[in-house]
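What follows is a short report on a single structure.
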Amino acid sequence: MQRTPRDAAATPGPSGPAAGAAAPAAPQIQLIPASADGALDAAEEAVDLLLESGRAPGDVLVITTGEQHPWAAHELSFGETSYWAQHDAGDDVFYTDATVAGRAASRPVVVVAVNGGAEAAAVSALSLAHSRATALLIVCGDPQRINSVLGTSV
């Protein structure tokens with residue numbers, strides 16, 4: 001008897017990455033070299049490319065390690081409740097900074113702009129971003145600083 005794709009789909013058993021109780025795969029990591037002054041611009045360009053390539057805006061979280069992204073600063077001017085309600089809605093790119101990024105939920109893509117701030121903020125932001133990104137982590141900043149923070153070469 002020849003098996004058809006329909007038969008294979010109906011046959012129980014392990015298949016693909018979801019089989020078993022394995023931990024979720026780590027996100028792919030992409031480094032975009034940039035100075036601390038240029039990291040925010042590099043992150044913006046990365047977000048634009050993601051959206052132009054068809055990524056849904058709600059799939060993207062952007063974390064800054066230094067100065068806040070202008071969108072976050074603007075939205076926070078309306079109050080924390082309104083700002084976090086936009087995050088919870090999950091229908092647009094969400095921008096936050098490392099000091100409060102722990103409150104952000106996982107998203108398929110996390111973009112980190114290493115745009116200054118204390119070394120501890122960068123370490124915290126990169127660690128958090130790695131745990132929040134389910135598919136892709138894009139880090140924009142000085143490669144030497146990022147590699148020393150991550151303890152690896154990306």
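The heavy-atom pair separating A113 from A43 by the smallest distance is CB-CB, 3.9 Å. Across all their heavy atoms, W84 and T96 have their closest contact at CH2-OG1, 4.1 Å. A39 approaches G141 most closely through the heavy-atom pair CB-CA, 4.4 Å. Smallest separation of non-hydrogen atoms from A98 and T65: CB-CA, 4.2 Å. Of all heavy-atom pairs spanning L137 and A129, the tightest one is CD1-CB, 3.6 Å. Of all non-hydrogen atoms in S106 and T134, the two that sit nearest each other are CB-CG2, 4.1 Å.
Under the side-chain contact (heavy atoms from CB on, under 4.5 Å) test applied with I138, the options V60, V47, L50, L31 reduce to a single match, L50. Paired with R55 under the rule side-chain contact (heavy atoms from CB on, under 4.5 Å), one option of L49, V93, V109 passes, and it is V109.
At least one donor-acceptor pair under 3.5 Å links the side chain of R107 to the backbone N or O of G58. In this structure, R132 contributes its side chain and G102 its backbone to a donor-acceptor pair below 3.5 Å.
Here the CG atom belonging to D88 is positioned 8.0 Å from the CZ atom belonging to F94, to the nearest 0.5 angstrom. Note that the CD1 atom of I146 and the CD1 atom of I29 stand 10.5 Å from one another [nearest 0.5 Å].
Hydrophobic clustering keeps L40 apart from V110 (ILVMFWY residues linked when any side-chain heavy atoms are closer than 4.5 Å, directly or through intermediates).
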**Request:** Would you please test T99 and D97 for side chain to side chain donor-acceptor pair (under 3.5 Å) and show each step?
**Result:** CA-CA 6 Å; T99 62; D97 67 71; 2.2 Å; yes
**Asked** When you look at R145 and V114, which way does the side chain to side chain contact (heavy atoms under 4.5 Å, CB included) test go after all the steps?
**Response** CA-CA 9 Å; R145 182 174 186 202; V114 184; 3.6 Å; yes
**Prompt:** So H87 and R103, side chain to side chain contact (heavy atoms under 4.5 Å, CB included) or not? Walk me through it.
**Reply:** CA-CA 10 Å; H87 166 271; R103 186 169 169 184; over 6 Å; no
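At least one side-chain heavy atom of Q68 sits under 4.5 Å from a side-chain heavy atom of L76. Residues C140 and V112 form no side-chain contact, since every pair of their non-hydrogen atoms from C-beta on lies 4.5 Å or further apart. Residues L128 and S131 form a side-chain contact, since some pair of their non-hydrogen atoms from C-beta on lies under 4.5 Å apart. Proximity of Q86 to E75: side-chain heavy atoms (C-beta onward) are separated by under 4.5 Å at one or more points.
A ring-centre distance under 6.0 Å is not found for W71 and H74. Between Y83 and Y95, a ring centre-to-centre spacing not shorter than 6.0 Å is recorded.
Within a 6.0 Å sphere centred on CD of E67, other residues, nucleotides and ligands contribute 12 heavy atoms or fewer.
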